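So the structure is just underneath, and the comments pick up after that.
Predicted model, so just to flag it, every value in this text is computed and none were measured. Each chain gets a letter, A, B and so on, in the order the sequences are listed, and its residues count up from 1.
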Amino acid sequence: MFPYPSGAGLHVGHPLGYIASDIYARYKRLTGFNVLHPMGFDAFGLPAEQYALDTGIAPGVSTEKNAKRYREQLDKLGFSFDWSREVKTCDPKYYKWTQWIFTELFEHYYDQTVDKALSIAHLVSQFEDDGNAKVKAANTCETTFTAAEWKAMSHKEQQDILMNYRLAYRSVGYVNWCEELATVLANDQVKEGISERGGHPVIQKAMWQWNLRITAYADRLLYDLESVDWSSALKAQQSNWIGRSTGAQLFFDIEGSNEKIEIYTTRPDTIFGATYMVLAPEHPLVAQLTTDAQKQDIEDYIAYVGARSEIDRMADKQVTGAFTGAYAINPFTNKKIPVWIAEYVLIGYGTGAIMAVPSDDERDKRFAEKFGLEIIDVVDKSAFPDATLSDKIGKLINSGFLNGMDVLDAIAATNEKIEEMQIGKAKVNYRMRDAGFSRQRYWGEPFPMTYDKDGNAQIIPLEQLPLELPETDDYKPSRDGRSPLSRIDSWINLPDGGTRETDTMPAVAGSSWYYLRYMDANNDDAFVGKKAVNYWQDVDLYIGGTEHAVAHLLYARFWHKFLYDNGLVPTKEPFKKLINQGMIQGVIEFAYYQKATGKYISAELAAQYEDLTPLPVHINFVTDYGSDNSYLSADGITQYKNWRPEYKNSEFVLADDSDRFFTKSEVGKMSKSKFNVINPDEVVAEYGADIFRMYEMFLGPIEAHKPWDTKGISGVSKFMRRFWDLFHTNDTFTVSDDAPSKEELKVLHATIKRVTDDIQRFSFNTCVSAFMECSNELRKLKCNKRAILEPLTILLAPFAPYTSEDLWHQLGNTASVHETSYPIFEEKYVKEDTIEYPISINGKKRATASFASDASKEEIEKAALANEAVQKWTEGKTIRKVIVVPKRMINIVVG
RNA sequence: GCGGGUAUGAUGGAAUUGGUAGACAUGCUAGACUUAGGAUCUAGUGCCGCAAGGCGUGGGGGUUCGACUCCCUUUACCCGCACCA
């Protein structure tokens, strides 16, 4: 995944995935593949704009500068990137096509009969022929009309209808509005009512905004997960996010009203136990249903809920609610049931209303108990004592025609009845919502949309794209929710009296298709040429962090599927194999600080003091950094005092007999704010890119989180020098052309096999181990034979591109080691004449013995039993069984 | 609460289909060489024990000739989602 070029530059964690993909790319090239290994920058987004607000430096300027710095850092690491295909999402030549894809989304709807996107023109022709009653399409249209009615509508009315079908559509909706950042945030940018970035409170606000109808693709996004090679954790995250559930949609009549309450339930079978209903406090019917007598109660309750922030709701899940005074009719019992409102029903999920079944739902039960509402037991679970309330097992009771049925059968039976009674139908529901796509921000792609005098949205055609972001020095978002672009009159107002959209797209827009652009990065006539996309197809190996598990990967899959529907890409899924690189953690060094006295307390004395706060200390001040006994020396303390003016006169409390101020070490995120960032540039300056690359791989499995420990790099450094020394004596190149020994050939071929197998299963840490073992063994054999060292140099080339190239040329080759061909493993060299067998007695290893590799089972068994060490253990005991696994082991069972 | 994952020496980790647990590396201990070094080389290093031997992959149980690996159960930690109807 391409990086966001932040001002902090790369730290040692960033290159991990790029090193892995570079090794894999170089390996594949050596085996004859044409490999596309590209790089680019995810360059639009909030941080650059925040930086502009803080410093006055234009986002374009700082982004350009950061990208340049990233490029410099990456260039030092020996990556085989094809920079001629570089993609920057903020480049108009690139976002021209981001805008174009958006216009295509606007011009399409999702047809559920053919299960793909079709053009709006096709939809219009259906409306003209037959109205919309028979159209099966993903939509938010609330009216039904005939062909005649459609034709009678004004242009504006027709456009408003169509907006409810488009895959990119504009609507008023509740959005996550962050006052502090002055923008709308996506659900995944809000954590527990707080903005992920900056940690500011987020409220729900109604606003006009563009949305993408990703829900139309929910089922395909869910089921096609089966076809990709991703981790189960990642698949589970996406599938949870989509949150498909099956149930029933039902309409309840309201006594004395023509309105109906629409609900969604996954347990239609429990309907005989539905003794009351609950609406979300924000539900549109609340005002209308509330009786005069209850008006005050309801208003008070709504005020109470409004005053409660999302955090309050999370923190204390009190049972609260208010009665509207209205009654609905349970269609199965025909009983009057009261309609309440309560904050535990959410306006954003399902229909914002529920039928409450207190006997079989934990929350409904608590609510009913608190407010004294009727509870009718409808599922007999006495046969399942361990079952929870929500488990779908048991037999129906007190439920009319459902009595005696198992829950699952009862669900099916109820669904049938509901459809027969025409009060609802079986329905699939999703947790995933359509994605708000508007940002009231400067630094993003302008929407390629204009509005005519009547407010109808229309696209800017491809010939007029890109619609370039206008320059300004006024990036500040306004608190009224309007984008900085709205302050540029020449931008908003069009000669024909229309206006431009002033919002911009979110950062996720540009990253949703960049991988396709790499295939044909400089094409000005298409987002990607047909020939190029048919050649490269999709991404074979995609490496990136888990932070993109939902947002980026779901959007990219959605866009890809849309493009697939339009015949523009040949594959259903964009990323065949995906690896989530683990985080490289850092050690954080803390100094204990006592706020009350302003004293710093050495770690070994910490137990004697109270109310200590650990403050992160810059790791440059620390001696024996990362060890258990890391400390500040007198020098370190001075550095700390000089760090910030307010630290100048700090008092440090040390143990009586010590001149060391001990710090507390903890493994955690490598971050600027923890002052523990290790810069790859420094490591590369000291050890070189090859050692840096190999050490990052050697740290552990690519997917695991693991702490960075600069000291450990000496192992890889030693290996490199020893490997070099195989070719040299006192730094003079001394490689012999003598024929290699059998043993030497065995080491070579065993290494070829191990390294190759391990690359293929992305186990790069064990590849490095294999190189080390190989080098250790050749050193013992004093091997300096060309026939061994030359193939090894090629084998090492993907990992250590510089050193291997150097050695390759010293070996007398003129072309590049990276353009030669990969050594071929030959079984015959690793075949053993004799094999050493472990001999176990009752599963415990007691002896070893060598046997010819072609010895028969019988021979081995006989010889093993005769073995002196074995006899010691079998003496006086009965041999019950002897297991001989050829080439593996021998187990003798005695008793 | 739901979903996913992890647990192996002092540390990072290895053991691809059940077959010698701890490869490789760091650290540590001892020694060698020295124009004292964050250099290089050699040996040792899972735990208990003088030894023989015993114990050992978070805990308990099971399957198997044999379990880090498979099954059941349980604990701890990490990640994602969450009054989701």
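For A/Ser769, counting side-chain heavy atoms from C-beta on, the closest listed nucleotide (B/rG12, B/rA85, B/rC24) is B/rC24. In this structure, the nucleotide among B/rG3, B/rU20, B/rG4 sitting nearest to the side chain of A/Ser232 is B/rG4. Across B/rG53, B/rG19, B/rA85, the shortest atom-to-atom separation from the side chain of A/Trp873 is found for B/rG53. Distances from the side chain of A/Leu346 to the nucleotides B/rG80, B/rA14, B/rA85 place B/rA85 closest. Residue A/Arg779 has its side chain nearest to B/rC41 when only B/rA85, B/rG4, B/rC41 are considered. Comparing B/rC84, B/rG54, B/rG13 against the side chain of A/Arg846 picks out B/rG54 as the nearest. Here the nucleotide nearest the side chain of A/Ala236, chosen from B/rG4, B/rC83, B/rG13, is B/rG4. Residue A/Trp241 has its side chain nearest to B/rC81 when only B/rG53, B/rC81, B/rA14 are considered. Side chain of A/Asp758, nearest nucleotide from B/rC84, B/rG13, B/rU16: B/rU16. Side chain of A/Lys844, nearest nucleotide from B/rG19, B/rC55, B/rU20: B/rC55.
Between the P atoms of B/rU64 and B/rC48, the separation comes to 35 Å (whole Å). The separation of B/rA52 from B/rA43, taken at their P atoms, amounts to 23 Å, rounded to a whole angstrom. For the P atoms, the distance from B/rU73 to B/rC24 is 39 Å, rounded to whole Å. Taking atom C1' on both nucleotides, B/rG9 is separated from B/rC84 by 46 Å, rounded to a whole Å. Spacing between B/rU17 and B/rU63 at atom P, rounded to whole Å, works out to 24 Å. Straight-line distance between the P atoms of B/rU45 and B/rG22: roughly 12 Å, to the nearest whole Å. Distance noted for atom P between B/rG12 and B/rA7: 12 Å (whole Å).
A side chain to side chain contact (heavy atoms under 4.5 Å, CB included) with A/Phe799 holds for exactly one of A/Asp690, A/Ile23, A/Ile19; it is A/Ile23.
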Are there any protein N/O atoms within less than 3.5 Å of an N/O atom in nucleotides 61-72 of chain B, and if so, which ones and at what distance?
| unit_1 | atom_1 | unit_2 | atom_2 | d |
| --- | --- | --- | --- | --- |
| B/rC65 | O2' | A/Asn891 | ND2 | 3.0 |
| B/rC65 | O2 | A/Asn891 | ND2 | 2.7 |

Extract from the structure each pairing of a protein N or O with an N or O of nucleotides 25-35 of chain B at less than 3.5 Å, listing the distance.
| unit_1 | atom_1 | unit_2 | atom_2 | d |
| --- | --- | --- | --- | --- |
| B/rA25 | OP1 | A/Asn776 | ND2 | 3.1 |
| B/rU26 | OP1 | A/Lys718 | NZ | 3.0 |

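Between A/Glu832 and A/Lys746 a salt bridge is recorded (basic side-chain N to carboxylate O distance below 4.0 Å).
By the 30° and 60° cut-offs, the orientation of the rings of A/Phe272 relative to A/Phe332 is perpendicular. Ring-plane geometry between A/Phe825 and A/His749 is classed as tilted, the angle between the planes lying from 30 to 60 degrees on a 0 to 90 degree scale.
Contacts of A/Asn240 with the nucleic acid, taken as non-hydrogen atoms under 4.0 Å apart, include base atoms. Using a 4.0 Å heavy-atom criterion, one finds that A/Arg721 contacts the sugar-phosphate atoms exclusively.
With a glycosidic angle more than 90° from 0, B/rG61 adopts the anti conformation.
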